[in-house]
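Worksheet: one structure, shown below.
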Amino acid sequence: MIRGLGVLRTFFQPGLRKPWLAQWAFPALALLALLLAPAVLSGFRMGLLGKFMTFAILALSLNLIWGYAGMLSLGHGVFFGLGGYSFAMYLKLEAAGGKLPDFMFWSGLRELPFFWEPFRHPWFALPMIFIIPAALAGGLGYLVFRSRITGVYFALITQALALIVSILFVGQQPYTGGTNGITNFSAIFGFPISRPGTQLALYYVTVAALALTYLLCHWIISSRLGRLLVAMRDDENRVRFSGYNPAILKTLVFTLSAGLAGIAGALFVPQVGIVSPSMMGIVPSVEIAIWVAVGGRGVLMGAVLGAIVVNGAKSLLSESFPDIWQYFLGALFVGAVLVFPGGIMGLFRGEGWRPRWGWLGQVRAALGRKKLADSQQGGMLKVPAPGSTSSPRAEKTRSP
Amino acid sequence: MEVWALQIFNGISLSTILLLIALGLALSFGLMNVINLAHGEFIMIGAYTTYALQIAASALTGGPSSEVTFLIAIPLAFIVTGAVGFLVERSLIRFLYRRPLDTLLATWGVGLILQQLARSIFGAPNVQVVAPQWLSGGVALGSDLVLPMKRLFIILVVLVCLAGIYWYMYRSSEGRRMRAVMQNRDMASSLGVSTRRVDSLTFALGAGLAGIAGWALTLIGPIGPSLGTFYVVDAFIVVILGGLGQIPGTIMAAFIIGMLNTIFEFGTTAVVGKVLVFVMVILFLQWKPAGLMRLRTR
């Protein structure tokens with residue numbers, strides 16, 4: 001295992017270069033818009049946007065492992081929640097002001113549990129935001145990846161993790177606040193938490209965190225490690241035979257991703273004012289994947305865009321028509337996978353809608369937009385129809 | 001002594017329902033490498049079919065529903081859920097066969113829609129199916145040990161289903177085709193087996209089994225739109241533990257998970273029991289990454 005860590009070197013080696021204007025124009029514009037937004041938005045809308053940005057960090061962390069490394073985690077809500085809880089413990093102790101937090105008193109505890117004690121200190125709580133989720137992901141990831149569990153298996157195991165951690169937190173009422181979670185904070189580092197100035201500061205801290213996360217992810221994927229991740233997604237055995245240890249690489253990036261999700265959770269808590277097990281369960285964890293899919297997998301900007309667009313639509317639709325929102329979300333899952341596999345960023349890249357499968361492909365072919373080349377998926381080589389320019393294989397290598 | 005016997009009985013009872021749910025998942029996973037996240041909603045459809053039949057019967061006769069309708073509900077739940085499964089396979093899943101992770105997300109979307117549909121039709125609160133009179137008692141073994149009739153009946157129905165699946169897979173020509181596609185899809189296809197048809201039928205069969213599991217759950221407690229979600233995660237763990245598409249492995253895994261859940265729950269609490277089972281499965285996979293049984297392919 002120690003030898004495998006030599007892979008850390010791959011961080012410092014340059015990767016693929018792209019024209020920098022094409023690469024940075026869009027993120028820079030987005031950053032500018034986010035920085036200027038508080039000037040035009042009301043306090044409520046700004047709070048909403050701040051919340052969405054924490055979701056964007058979360059989506060970035062999932063995109064790193066799913067979009068690039070091909071590991072779909074359906075339990076990322078857990079890491080978000082753990083980061084949130086770590087910070088909420090500090091905030092709650094600050095609000096309690098030396099006394100026992102209220103929910104503990106109600107559930108019959110008379111003194112602070114030992115593992116709450118160190119969270120009085122911000123210098124302990126702040127690192128824990130990253131360390132606790134990263135440690136859980138590192139431990140689970142190492143065991144799982146070492147036994148070469150990939151793909152669907154990995155997704156199901158992380159989903160089971162989401163179920164277990166959420167019911168565990170619900171069940172331990174005296175220590176975690178149970179279903180209600182931890183809420184009623186009063187101050188953050190001595191500043192009153194609900195004052196507009198504090199919220200504005202939190203907003204800008206979130207913008208900074210989002211920008212830094214973006215840069216970090218960009219750095220990783222453009223390094224050699226990033227290219228190894230993509231290589232593992234496409235053919236893990238080949239990476240293994242080239243002398244790398246995929247288990248170590250995957251554990252590393254999964255751990256990092258979980259830590260980033262934890263930071264997102266910690267930024268979420270003071271802005272929204274609550275952390276509860278309902279953010280860690282199966283349903284919210286799967287929803288993170290749809291943000292990434294709608295924005296565009298394997299594109300960093302896609303995750304940011306997807307998180308903000310989907311959650312914006314959710315807060316618009318679900319307030320007025322909660323029933324329709326569920327149908328809409330379901331259709332979004334189906335549509336994002338079947339019709340727009342490239343997501344919003346795919347549209348920007350001129351991929352348009354490219355349903356290449358079955359009846360949707362037939363419709364598209366009938367519209368005469370492009371030759372129907374990849375409709376056959378039976379695993380057999382298809383003889384190209386006379387006059388068709390590309391074989392299915394050639395088509396496949398060109399499409400992302 | 002009696003307490004332990006009852007625990008073991010409860011474990012077997014839970015295992016049989018888990019088995020019914022996991023078999024459908026294992027079959028379609030072994031065949032198409034596809035996991036259906038809407039499987040829990042198929043359970044829910046089976047349960048609501050039973051409920052709807054009861055409502056319809058009591059509306060027609062004017063009185064409480066008879067014993068017969070409850071028995072009719074078993075095949076009806078199978079057929080209705082199987083039909084929904086067939087539709088989902090035909091309209092969605094077959095376009096995604098080489099992309100298993102995308103199938104997860106698409107079927108999750110289907111599940112959301114089905115759940116909301118159930119909520120719109122039957123309402124969000126839980127409803128109760130009234131069990132027939134003859135299932136209300138229990139069979140007394142010894143002084144303290146009474147086995148509930150309902151649970152015994154569920155076990156009986158599951159055994160009949162298992163026999164049916166065994167017959168289908170190993171004694172019918174459809175089943176032979178299915179096993180052929182499982183072993184080597186391209187070879188089966190070139191020998192004239194319609195793999196598309198096999199896929200659809202297998203998926204529908206798996207969905208139908210989930211429907212029967214839904215029927216069984218109406219005997220155990222009230223039913224609601226999110227009924228399936230809780231059971232289906234356990235069923236995923238069963239599939240992972242059992243190994244790819246292996247019927248014997250799935251049966252063994254269902255019993256191991258069911259018994260462990262019940263025993264840990266009895267010894268500690270339900271939550272701690274679930275955590276322990278999860279940890280044990282992860283550790284077991286360190287030893288045998290492919291699960292209990294491996295599919296031998298050529």
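A, B, ... follow the sequence lines: proteins, then strands. Residue 1 opens every chain. All values reported here derive from a predicted model rather than from experimental measurement.
Other residues, nucleotides and ligands contribute at most 12 non-hydrogen atoms within 6.0 Å of the CZ atom of B:Arg176. Residue-environment remark: CE (B:Met259) exceeds the threshold of 12 foreign heavy atoms within 6.0 Å. Annotation: A:Arg240, atom CZ; neighbour count of heavy atoms from other residues, nucleotides and ligands within 6.0 Å is above 12.
In this structure, A:Leu74 CG and B:Leu104 CG are separated by 6.0 Å, a value rounded to the nearest 0.5 Å. A distance of 7.0 Å separates CD of A:Gln326 from CD of B:Gln115, quoted to the nearest 0.5 Å. For the atom pair B:Asp234 CG and A:Leu163 CG, the distance stands at 7.5 Å (nearest 0.5 Å).
Residue contact with chain B, scored on non-hydrogen atoms closer than 4.5 Å, is absent for A:Ile290. Heavy-atom distances place both the backbone and the side chain of A:Leu168 under 4.5 Å from chain B. Contact of B:Val233 with chain A is made through the side chain alone, with heavy-atom distances under 4.5 Å. Interface remark: A:Leu143 contributes backbone and side-chain atoms alike to the contact with chain B (heavy atom separation under 4.5 Å). Contacts of B:Ile282 with chain A are made by side-chain atoms alone, with heavy-atom separations under 4.5 Å and no backbone atom involved. Contact of A:Leu161 with chain B is made through backbone and side chain together, with heavy-atom distances under 4.5 Å. With a threshold of 4.5 angstrom between heavy atoms, B:Leu285 approaches chain A through its backbone and through its side chain. Only the side chain of B:Leu37 comes within less than 4.5 Å of a heavy atom of chain A; its backbone N, CA, C and O stay farther away. A:Arg148 does not touch chain B: none of its heavy atoms, backbone or side chain, sits under 4.5 Å away. If you measure heavy-atom distances from B:Leu101 to chain A, the contacts under 4.5 Å come from both the backbone and the side chain.
Pairing each heavy atom of A:Ile164 with each of B:Lys274, the nearest pair is CD1-O, 3.8 Å. What you find for B:Leu105 and A:Ala289 is that their closest heavy atoms are CD2-CB, 3.9 Å. Closest approach of A:Val152 to B:Pro100, counting heavy atoms only: CG2-CB, 3.4 Å. Shortest non-hydrogen contact noted between A:Val334 and B:Ala106 is CG2-O, 3.6 Å. Between A:Phe333 and B:Gly109, the closest heavy-atom pair is CB-CA, 3.5 Å.
Your options are A:Ile157, A:Ile149, A:Leu140, and the one with the most heavy-atom pairs under 4.5 Å with chain B is A:Ile157.
A:Tyr153 has its ring centre no less than 6.0 Å from the ring centre of B:Phe236.
For the pair B:Trp108 and A:Gln159, the minimum side-chain heavy-atom distance is below 4.5 Å. Looking at heavy atoms from C-beta onward, B:Asp102 lies in side-chain contact with A:Arg297 at the 4.5 angstrom threshold. Between B:Phe284 and A:Ser147 the shortest side-chain heavy-atom distance does not fall below 4.5 Å.
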Cut-off 3.5 Å, no hydrogens considered: what does the side-chain donor-acceptor table look like for residues 277-285 of chain A, sequence neighbours left out?
| from | atom 1 | to | atom 2 | distance (Å) |
| --- | --- | --- | --- | --- |
| A:Ser278 | OG | A:Ser276 | OG | 2.8 |
| A:Ser285 | OG | A:Gly77 | N | 3.2 |
| A:Ser285 | OG | A:Gly281 | O | 2.8 |

Chi angles and distances behind the side-chain contact (heavy atoms from CB on, under 4.5 Å) call for A:Tyr327, B:Leu117: CA-CA 8 Å; A:Tyr327 289 122; B:Leu117 264 177; 3.7 Å; yes
